[in-house]
S.K.: 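My questions all concern the structure below.
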Amino acid sequence: MELLKIENLTKIFGGLVAVDHLSFSVKKGQIYGIIGPNGAGKTTVFNCLTGIYKPEEGTVIWKGKDITNYPPDKIANLGIVRTFQTIRLFSDMCVAENIMSGRNQISKQHWYHGLIHTPFSKRDEKKNWLKVKEIMELMNLQDYATELTKNLPYGHQRRVEIARALATEPELIVLDEPAAGLNGHETLDLTNLIFKLRDMGFTILLIEHDMNLVMNVTDYITVVNFGEKICEGTPEIVQNDPAVIEAYLGKEDADDEGDEDEN
Amino acid sequence: MKTKDVLLEIKDLKVSYGHISALKGISLKVYPSEIVAIIGSNGAGKTTTLRTISGLIKAQSGEINYRGHELTKIPAHKIVPLGISQSPEGRLVFGTITVENNLKLGAYSLKKIDYARMEWVYELFPRLKERKNQLAGTLSGGEQQMLAIGRSLMCNPEMLLLDEPSLGLAPILVKLIFKAIKEISKQGVTVLIVEQNARAALRLSDRGYVLEVGNIVEYGNSEELLKSKKIQEAYLGKKKQNQLI
Amino acid sequence: MYIFIQQVINGLTIGSIFALIALGYTMVYGTMKFINFAHGDLVALSAFVGLTIYTTVVSSFSNSIIAILISLIITIVIISIIGYLLERIAYRPLRKAPRLSAVVSALGAGMVFQNAIMLIWGPNPHYYPADIIPNKIWHFGDSVISLIQILILLLSFFIMIGLYILVNKTRTGRAIRAAAINQDAARLMGINVDAIIVIIFALGSTLGAVGGMFLGMFYRGITFNMGWNYGISAFVAAIIGGIGNIPGAMLGGIFLGLFNSLIAGYISSTWADAFTYILLILILIFKPTGILGERVAEKV
Amino acid sequence: MKKKITGSLMLLMVLALIIPIGLNAKVVKIGVQAPITGKYANEGQGIDQAVRLIVEQKNAQGGLLGNKIEVISEDDEGTAVKAAFAAKNLINKKVMAVIGSYTSTCAAAPQKMYYKAGVLQTSDGTSDALTKHAYWTFFRNSNPNSAEAIFTANHFINQRHYKKVAILSDYSSFAVGLGDAVKKEIEKLGGDVVYYGKIKAGNQNFTPILTKIKSLHPDVIYFSGYYSDGGLLRSQQVQLDIKADFYGGDANDNVDFVKLAGSAASGSYLINVPTPSLLPYDDAKKFLADYEKKYGMKIPSIWTILNVDGLRAIMYAAEQTNSLDTKVIADFLHNMKKPFPGFTGPLSWDKKGERIGSSYFAYEIQPDNSYKVISK
Amino acid sequence: MRKSAIYKYLVFLGILLIYPLFSNSSWLAIGTTFIIYSIVALSQDIVLGKAGMFDMGHAMFFGIGAYISAIMNTVFNIPILWAIPVVVLISAIISVLMAMPTIHLRGDYLLVVTIGFNIIFQQVIKNNVFGLTGGPNGIFGIERPSLFGFEFSSDLSVYYLAFFVLILILIMIKNLETSAVGRAFHYLRLDNLAAQCVGINTRFYRLFAFALGASIASIAGVLFAIQYTVISPESFNLMQSILFFTIVIVGGMSSIPGVLLGTFLMFVLPEIFRDFNTYRYLVFGVMMILTMILRPRGIIPKKFGIIPKYLLKDK
C-alpha cells in the first residue's frame with residue numbers, strides 16, 4: 001500500500017531549480033532512502049513534503065489525500081514528522097521537556113486548561129509525561145531527563161530529536177541525515193534504532209550521506225542529483241548504477257570504478 | 001615529502017562549543033607549496049579546524065604555529081596579513097555587493113588593490129570577468145565558489161584554506177574548480193583543503209588527513225590513502241558490510 | 001497648488017533632518033542587529049554641546065557662518081567620541097548576549113544622556129541665537145522658502161552624497177558593507193570588525209550631531225527631552241525605508257517628512273500621528289522588511 | 001546562590017518599605033507638589049525655588065505666628081500617578097498647605113485626597129474641572145480659562161474687529177480647555193472660527209498645519225498652548241509669510257517665548273494677567289529682584305508668582321485669624337471683605353475656590369521685546 | 001511545584017499580606033500600584049518572555065482596561081467590578097484583531113508595530129473620541145466598587161483587592177507553566193519551525209498569548225481605575241510600555257520571581273530614592289546598563305528542566 005506519494009515535485013529558488021519534477025512513493029513499513037551528493041536538493045524535498053516550502057509544481061499525497069500546501073503543523077498532525085539536518089532542539093529546555101513537545105498536540109487539554117487546572121487536565125498531563133518516560137526509556141535517555149539539551153553531546157541530541165518525533169505518534173518518520181556527525185559506535189546504534197523503529201511499525205524516509213548506513217538499512221533508494229531522479233531501486237541496483245557512481249565520484253574517476261565494484 | 005621547514009604546525013588542538021567538543025586534540029603539519037587535504041564526514045571537525053586556524057574560533061588549548069607566529073593568540077583580521085587566506089564553507093560571498101567589489105574586499109588587507117592579481121583571478125575564472133558588475137548574490141553556486149576562491153586569492157596569500165570547494169557543485173564544475181586549485185598551487189601557494197568529496201580531494205593533494213568526530217584517525221600520502229580499503233568503505237559503502245569504520 | 005508646493009518644501013526640510021538621524025539607527029542596526037534607542041538622546045546632546053561651543057567661539061569670529069561651521073566640527077568630534085564610548089561601555093560587553101539585553105542597555109543609556117543634559121544645562125529650554133543664519137526668505141508664487149531651509153536641504157544632500165560615496169566607493173565603505181552582510185566573512189578578508197563598528201558609531205553620531213545642530217538652528221529652542229520625539233520619528237523612518245539599508249533610511253526620512261506634512265495639511269492635524277503609524281503598520285504588513293529592505297529567508 | 005540573592009532582595013524589599021520617615025512637630029510645614037523633573041521641570045523647579053525664597057524671608061522675620069516654616073518638596077514629574085504618590089507623602093508628613101501643582105492634571109489627581117485630609121491646596125491650574133467639586137481646601141491662584149476666554153473673545157471681535165479666527169491648541173488638558181472656551185465665546189459673539197486644530201507639544205515642526213491655515217486666510221491666529229510651542233509657531237508663521245496677527249494665551253507668557261520666536265516676536269500679542277515685569281507693585285518688583293539675585297536666573301513665568309501669591313494669601317489668612325487650623329483659614333479666605341494685595345494684584349476667592357476679580361491685559365511685544373499694553 | 005518554590009512564594013505573599021501594617025498611606029498607595037504593575041508586568045511577560053514576541057506597546061491594553069471600565073462606570077453607571085468580563089472580552093478581541101495581520105513579523109518589526117499601536121491608542125484617547133475618553137484630562141470620578149455589601153472605599157481594602165487578584169493571576173501563571181499551552185509558548189519562542197514540525201499550531205498560540213496578555217493587563221487596568229478613581233492618557237503611554245518591557249528583560253524573561261523583582265527595582269526603587277529628585281534617573285539609567293552587562297539574561301533567569309518527580313529515574 002502506498003503511504004506517501006510524491007508526484008512531479010518542483011521547487012525553484014530564484015531561477016535555480018532545486019527540485020525538478022521528482023516523483024517517488026513510499027510504502028507502509030518501508031525504510032526508504034533518498035541519497036545524492038550535497039546540494040542535490042534532498043533537503044528541499046523534505047521541506048516541501050513537511051510544508052516548510054511551497055512547491056511550484058507537483059503534489060504530495062498522503063494516504064490518498066492531497067496535502068500539498070498544508071502548513072507544517074497540520075502535516076505533522078496527520079502523522080508525518082521529521083528531524084533536521086542541523087539538529088533543531090529547544091536548546092534551553094531539558095530532554096524531557098523537548099520530548100514532551102511532541103505530545104503537545106496529542107494532549108487533550110484545551111486552551112483554558114492552561115489557566116485553570118482540572119482533574120481532567122491533571123490526568124492528561126500525567127498520562128503524557130508517562131508516555132515521555134516510556135519514550136526516554138526506549139531511547140536510553142532517562143539518565144538525561146532533566147539535562148538541558150544544549151549541554152548534551154551531539155549523538156545524544158540526535159536521539160532526543162528522534163525521541164521527540166516519536167512522541168507525536170507518527171506513521172512516517174522523516175530523518176534528515178541522522179548519522180551526520182556521529183561516530184562509528186553511534187552510527188551503529190542508529191542503525192539498530194532504525195531497524196527497531198521499523199519493527200515497531202513506523203515507516204521511515206531517510207536522507208543520508210553515510211553510505212554504509214544507507215546500504216545497510218534501506219529497502220529502497222531514490223538517487224537525486226540536481227533535483228532530478230537519476231536512479232531508483234534496491235541498494236544493489238543503485239550501487240551498481242553507473243549514473244550514481246558518476247554523480248558521487250565525478251567522471252574522471254569512472255575508469256577506476258571497475259576494480260572497486262566487486263559485487 | 002618536502003624537505004623544507006614546516007609552514008604550519010598544529011599541536012594537540014582542542015576546540016569546543018559550550019559542552020560539545022568539536023576537536024579533541026588534533027595535530028598536523030603543512031609544508032610549503034604542498035596541497036594537504038583533510039577529509040571526513042559531516043560534523044567531523046574539518047570546518048572547525050580551518051576556522052580555528054583563521055582565528056574565527058578560539059582554541060581551548062593547543063598550538064597553531066605558522067612561521068613563528070602563534071595563531072591561537074592573534075585575532076582574525078591580523079592573521080590575513082600574515083599570508084593565510086580562507087575561502088569559507090558556504091562561500092559567504094557578499095551577496096549585495098558586485099563581483100568586482102567582492103574581489104576588492106579580498107584585497108582589503110593589502111591596503112592597495114593589486115589589479116594585476118585581479119586579472120590573474122579573471123584568467124583563472126573567466127566566468128567572473130563576464131559577471132564582474134553583477135551582484136554576487138545573483139551568481140550560480142559554482143560561480144559563487146569561484147568568486148570565493150578568487151576573493152581569497154586577492155590578498156596574495158602564502159597559504160590558502162579551502163573549505164568544501166566542491167559542495168553542491170556539478171561534477172563538471174568540480175573539475176573546473178579543482179583544476180584551478182592545481183593552477184594556484186603551481187604558483188607556489190600552499191593549499192589546505194577540506195573536503196567531503198574524498199576521492200577528488202585525495203587525487204588533488206599531496207598528503208591527506210582523515211578526521212572523524214574530532215580526532216585524526218588516519219594520515220599519509222594521498223595516493224596511499226586513496227588505495228586504502230578503509231577510505232573506500234567510508235565513502236562508497238559496501239552492502240552487507242558488518243564492520244563499520 | 002502653492003499649498004502643495006509649500007507642504008513639499010516643509011516636508012523635505014524636516015524629512016532630510018529625519019533622514020540624517022535615521023541613518024544613525026540604520027547603520028548600527030545593519031551591523032549589530034539591534035535598535036540603538038539612545039541615538040535620539042545623543043542627537044539632543046549634540047544640539048546642547050553645539051550651542052555651548054557656538055556661544056564660546058562666536059566672539060572670536062566676525063562671521064557667524066564660520067563660527068557655526070567651526071562649532072559644528074568640534075561638536076562632531078565630541079559627539080563621535082561619546083558615541084564611541086557608548087559602544088565601548090554599554091554595547092560591546094553585550095555582543096553575545098540576547099539581543100533584548102542590548103535594547104534595554106540602550107534605553108538605559110538614553111536615560112543617562114537625557115538626565116545628564118538636564119543636570120548639566122538645567123531643565124530650562126536653551127536657545128540658538130536668532131541671527132546665526134540671516135532670516136531671509138524667497139517667494140515663488142505664494143510659496144516661500146527660507147535661507148535656513150535651503151542650507152539644511154543642501155547640506156543634508158551633500159552629506160548624504162558624501163556618505164553614499166564613502167560607503168560605496170571607498171575601501172572603508174566596502175569594509176562597512178562587508179561587516180554588515182557577514183561579520184565572519186569580513187574577518188576572513190582581514191577586516192577588523194571591531195574597528196568597523198567603532199567607525200559606524202562615530203559616523204552615526206556625526207550625522208546625529210549634524211541633525212541635532214540643524215534642529216537647533218532651525219527651531220532655535222532645544223530642551224533636554226527633545227531627543228525622544230525625533231528619535232522615534234527617525235527610527236520609524238529607518239523602519240519604513242528598510243532598517244539596515246542606508247539608502248532606505250534616506251528615502252524613509254524624506255518620505256516620512258513629506259507624509260507628515262501632507263497629512264497634516266490635507267487630512268487632519270489632530271490625527272496626524274495615527275495616520276503615520278497606520279501607514280507604517282500597513283507598509284510592514286505588505287512589505288515586512290520595509291521599502292528597500294531585503295527579505296531574509298529562514299535557513300532550514 | 002539564587003536562594004541567597006532572592007533572600008537578600010526580599011529583605012531589602014521589606015526594609016525599604018518599612019523605612020517611611022518619622023515626624024517632628026513645632027514647625028509649620030508647607031508642601032510643594034511640582035514637576036521637578038520631566039517635561040515641565042523648569043516651571044516645577046521655579047515654583048519650588050520661589051516658595052523656598054518666600055519662606056526664607058518669612059522665617060527671617062520670625063516665622064508664621066512665631067513658628068518656623070519648613071518646606072517639603074515632592075516631585076510629581078507632571079504625571080497623575082506620581083502626583084498621587086507625592087500628595088500622599090505630603091499628607092503623611094502633615095503639611096498644612098500644598099502649593100501646586102503646575103499642571104491641571106496633576107492638581108486634579110490628588111485634589112480629593114487633600115480635601116479628605118483637610119490640607120489646603122493652592123494651584124495655578126486653569127482647568128475648569130478643578131473647581132467643579134468646590135472642595136473647601138482648594139484655592140485657584142490663577143484665573144480660570146472661562147474668564148480668559150471671555151476677555152479674549154471680546155477683545156478679538158469687539159476691539160480688533162477680526163472676522164476670521166484660527167485657533168490652535170495642544171493636547172494638554174489646560175490648552176484644550178482654553179481653546180474650547182475661546183472658540184465657544186467667539187462663536188457666541190458672532191465671530192467665524194475658520195480653523196480649530198491641535199499640535200503635538202514638543203513636535204517643533206508646525207509648518208504643515210500653518211501652511212494649511214495660510215490657505216484659509218484668517219485675520220488672527222490664536223494659540224492656547226504653552227510658550228515652548230507658541231514661540232516656534234510665531235517664528236514659523238513669519239517664516240511662512242502668513243499675514244495674520246498672532247495671539248498667545250496666558251501660557252505663552254514666558255521669557256522663553258521671545259527667545260524662541262526671535263525677531264518674529266516683535267508684533268505678536270499675548271493675553272494674560274499682568275506679567276512679572278509689568279507688575280505695578282513695588283513688593284513684587286523687589287521679590288523678582290531677590291529671586292534673580294539668589295538663584296542667578298529670571299523667574300521662569302508668571303505662574304511661579306501666582307503660586308507664591310497663593311502661599312502668601314494663606315500665610316496672611318493664618319496671621320489674620322491667628323490660627324493654624326486649615327478650616328479656619330479656608331473660611332477666612334472664602335469670605336474676605338478686602339482682597340489680599342498679592343504680587344499679581346488683589347486676591348480673593350468665591351465659595352468654589354475660584355479667584356475673583358481677575359484682570360486681563362492684552363500686550364503687544366515691541367521690537368525691543370518689551371510689552372506694550374493694548375487693552376485692559 | 002517544588003516545595004522550596006512554594007515556600008518562597010508563601011514568604012513573598014506573606015510579606016505583601018502584612019505589608020500594610022508597616023506602611024503609611026503613601027507607601028500603601030505605592031504598594032497597591034506595585035501589585036497592579038506586577039500584574040501588568042506578568043502579563044507582558046506572557047507575550048514577551050514566554051512566547052517571545054517583542055511587544056513594546058503593552059501599556060495600551062492596561063489603558064484599554066482602565067478606560068473601558070471607567071467609561072462604563074462613569075457614563076453608564078455600571079458597577080466597576082461588573083465591567084471586568086466586558087473589559088477582558090473587548091481587550092482580547094482588540095488584541096487578536098491587531099495581532100492577526102502583524103503576528104508574523106520578525107522581532108524588531110513587531111516591536112515597531114506595537115509601538116505604533118500604542119501611539120495610535122494615545123491619540124485616540126487624547127482626541128476624546130465620541131466624547132467618552134475625556135481627552136487629555138482623562139476621566140474623573142470613578143466609583144469604587146462594592147461586593148456583597150462590602151464597600152471597597154478605603155485604600156486598604158483596595159490594596160487587598162489588588163492583592164487577591166495578584167494571587168489569582170500568580171496561580172494562573174503557575175498553572176500555565178505546567179500545562180500544554182504554557183509549554184507551547186516556550187517551544188514556539190525557542191524554535192518556531194521545530195515547534196510547527198512536531199504539530200504545534202504556533203500561529204494559534206501566538207494569538208492566544210497576545211490575547212491572554214492583553215486580558216490580564218486590562219484587568220490590571222480596572223484595578224488601576226479603582227485605585228486612583230482618576231485616569232489620564234499619560235499613565236498608558238509609550239514610556240509606560242517601555243517600563244513594562246524593561247521590567248521583564250531586567251528581571252528575567254518568563255521567570256515569575258524575576259518579573260516581580262523587576263517591577264520592584266524599576267518602579268518601587270525610584271520611589272524610595274525620591275529624595276534624590278534630580279539625580280535618581282541618571283543613576284537609574286546607569287543601573288540598567290550595568291544590570292544588563294552583569295546579568296544579560298536578567299537578574300533571575302528562568303530555569304528549565306523542572307519536571308514531575310515520577311519521571312525521574314529511581315536512584
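Nothing here was measured: the structure is a model prediction, and the numbers come from that model. Every chain is numbered from 1 and lettered A, B, ... according to where its sequence line falls, protein lines coming before strand lines.
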S.K.: May I have the step-by-step check of side-chain contact (heavy atoms from CB on, under 4.5 Å) for E:Lys126 and D:Val176, ending in yes or no?
M.R.: CA-CA 10 Å; E:Lys126 279 188 176 171; D:Val176 172; over 6 Å; no
S.K.: Looking at D:Lys198, D:Lys88, D:Lys132, which makes the most heavy-atom pairs under 4.5 Å with chain E?
M.R.: D:Lys88
S.K.: Determine whether more than 12 heavy atoms belonging to other residues, nucleotides or ligands lie under 6.0 Å from atom CZ of D:Arg52.
M.R.: yes
S.K.: Surrounding OH of D:Tyr115 (heavy atoms of other residues, nucleotides or ligands, distance under 6.0 Å), is the total greater than 12?
M.R.: no
S.K.: For residues D:Ala84 and E:Tyr228, report the shortest heavy-atom separation together with the two atoms involved.
M.R.: CB-CE2, 3.4 Å
S.K.: I need the minimum non-hydrogen distance between D:Gly78 and E:Glu234, along with the two atoms involved.
M.R.: O-OE2, 4.4 Å
S.K.: What part of D:Lys200 lies closer than 4.5 angstrom to a heavy atom of chain E: side chain, backbone, both or neither?
M.R.: neither
S.K.: What distance separates E:Leu28 CG from D:Asn92 CG, expressed to the nearest 0.5 Å?
M.R.: 10.0 Å
S.K.: Only pairs of heavy atoms separated by less than 4.5 Å count here; which of E:Asn127, E:Asn128, E:Ile231 has the most with chain D?
M.R.: E:Asn127
S.K.: Please classify the contact between E:Thr33 and chain D as side chain, backbone, both or neither, with a heavy-atom cut-off of under 4.5 Å.
M.R.: side chain
S.K.: Count the heavy atoms of every other residue, nucleotide or ligand shown that sit under 6.0 Å from NZ of D:Lys112, and state whether that count exceeds 12.
M.R.: no
